[in-house]
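Note that the structure is predicted; figures quoted are calculated from it, not measured. Order of listing sets the numbers, starting from 1, for every ligand and every atom in it.
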Amino acid sequence: MNETIRTILKRRSVRAYKPDQVDEGSLELILEAGRYAPSAMNQQPWHFTVIQNRLLLEKLEAACKIVFMESDVEALRNIARRDDFSVFYHAPTLVIVTGDSAALAPQYDCTLAMQNMMLAAASLDIGSCWMHAVMMFYATEKGKDLFREMGIVFPERHEPYAAAVFGYSTVPLPEPQPRKPDSVTIMGQGAVDSHSS
Ligand SMILES: Cc1cc2nc3c(=O)[nH]c(=O)nc-3n(C[C@H](O)[C@H](O)[C@H](O)COP(=O)(O)O)c2cc1C
């Protein structure tokens, strides 16, 4: 097994963060890894917004909590009601990848950029966790207005397609959840031969 495979297998979603900020050099490497993701027709339609301001993160978190509370999904409402609920798990950094909505495939491009960043972070012993609440929040009119009011402004025509928090885990990484065993079909040469005869 090589170092890349080891990093892919060891990455876990981290849900408890130390208050220490991600060091600047590591953040630059993580963002660089994001910018080297593949993109449809090499459009690179992304923009990376990095939020490290504690007050801003708290405001955004409070707003996201409301979206969870108002969600149609009962599980989300139940999670949001918990006293210890923290959308961002007290992580010091939130990265939002927005993409030009007029690009060919911005959702895939931005998601691939985020996956590169999460893996780069894992390789540097920095934890991360995808934050779906950000996209859910932005999808509402109230959410869009609140982003603007908070001074979080994206480039023209851009929408958030991926968001994740980054920081140092307070606990050792957990063992992975078991992966489904029946999720691969390999159609080798034999399979094609038997159908064509
Ligand atoms: C599209 C997507 C949305 C997710 N949303 C959240 C989220 O809002 N909060 C959270 O704690 N984890 C979220 N996750 C993380 C998943 O729960 C996690 O990846 C999964 O349980 C597998 O665990 P692992 O990442 O440790 O391998 C999300 C993951 C994806 C891909």
Side-chain angles (χ1 to χ4, degrees), residues 1 4-19 22 30 33-34 37-38 46 48-51 56-99 101 105-140 142-143 146-147 152 159-184:
M1 199 187 298
T4 303
I5 306 285
R6 239 190 303 277
T7 298
I8 290 170
L9 297 189
K10 87 164 185 189
R11 181 214 56 80
R12 293 277 71 77
S13 293
V14 168
R15 298 192 173 88
Y17 290 89
K18 293 181 185 167
V22 174
I30 290 168
W46 43 55
F48 304 84
T49 300
V50 182
I51 303 177
L56 207 49
L57 286 173
E58 280 169 11
K59 279 189 184 173
L60 200 50
E61 184 161 58
C64 285
K65 183 169 174 148
I66 293 169
V67 171
F68 269 44
M69 292 284 229
E70 293 174 354
S71 164
D72 295 337
V73 182
E74 194 189 350
L76 286 182
R77 291 200 302 274
N78 289 340
I79 293 171
R81 273 192 209 109
R82 294 210 311 242
D83 285 343
D84 61 347
F85 175 66
S86 156
V87 181
F88 300 148
Y89 308 115
H90 308 293
T93 292
L94 170 70
V95 178
I96 303 174
V97 186
T98 60
S101 53
Q107 186 162 11
Y108 304 120
D109 301 335
C110 294
T111 302
L112 285 162
M114 184 56 86
Q115 176 71 342
N116 265 16
M117 290 196 282
M118 293 169 110
L119 291 174
S123 79
L124 298 165
D125 289 324
I126 293 168
S128 65
C129 189
W130 183 286
M131 283 294 120
H132 208 57
V134 172
M135 274 68 73
M136 285 169 66
F137 177 52
Y138 194 83
T140 64
K142 189 157 103 189
L146 272 164
F147 262 96
I152 308 170
E159 301 229 353
Y161 292 106
V165 288
F166 292 85
Y168 301 98
S169 179
T170 57
V171 289
L173 292 186
E175 286 299 309
Q177 297 287 322
R179 267 33 187 178
K180 294 184 178 172
D182 54 355
S183 54
V184 177

Just heavy atoms, cut-off under 4.0 Å: does Cys129 contact ligand 1 by side chain, backbone, both, or neither? side chain

Between Glu61 and Ser86, a side-chain donor and acceptor under 3.5 Å: yes

Under the 3.5 angstrom rule, does the side chain of Arg11 hit a backbone N or O of Leu9 as a donor-acceptor pair? no

Within ligand 1, which atoms have a heavy atom of Arg12 less than 4.0 Å away? 24 (P), 26 (O), 27 (O)

Short N or O distance, Gln177 and ligand 1, threshold 3.5 Å exclusive: no

Residue pair Glu159 / Thr98, side-chain heavy-atom distance below 4.5 Å: no

Is the number of heavy atoms from other residues, nucleotides or ligands under 6.0 Å of Lys10 NZ greater than 12? yes

Students should be able to answer this: which protein heavy-atom is nearest to atom 26 (O) of ligand 1, and at what distance? Ser13 N, 2.8 Å

Identity and distance of the protein heavy atom lying nearest atom 22 (C) of ligand 1: Arg179 NH2, 4.1 Å

Crowded around Tyr108 OH? As in, over 12 foreign heavy atoms under 6.0 Å? no

Per-atom filter on ligand 1: closer than 4.0 angstrom to a heavy atom of Tyr89 are 9 (N), 10 (C), 11 (O)

Flag side-chain contact, heavy atom, 4.5 Å: Tyr17 against Ser169: no

Please tell me if atom 7 (C) of ligand 1 is touched by the protein, where touching means a protein heavy-atom distance below 4.0 Å. yes

Should one rank Arg15, Met135, Met136 by closest heavy-atom distance to atom 15 (C) of ligand 1, which comes out on top? Arg15

For atom 3 (C) of ligand 1, grab the closest protein heavy atom and report residue, atom and distance to one decimal in Å. Trp130 CD1, 3.2 Å

Taking distance alone, no hydrogens or angles, what donor-acceptor pairs closer than 3.5 Å link side-chain atoms of residues 65-74 to residues at least two apart or in another chain?
from, atom 1, to, atom 2, distance (Å)
Lys65, NZ, Ala80, O, 3.2
Ser71, OG, Val73, N, 2.8

Please check atom 13 (C) of ligand 1 for a protein heavy-atom neighbour under 4.0 Å. yes

Arg6 meets the salt bridge (charged side-chain N to carboxylate O under 4.0 Å, His left out) criterion, sequence neighbours left out, with Glu3

Nearest non-hydrogen protein atom, atom 5 (N) of ligand 1: His132 CB, 3.4 Å

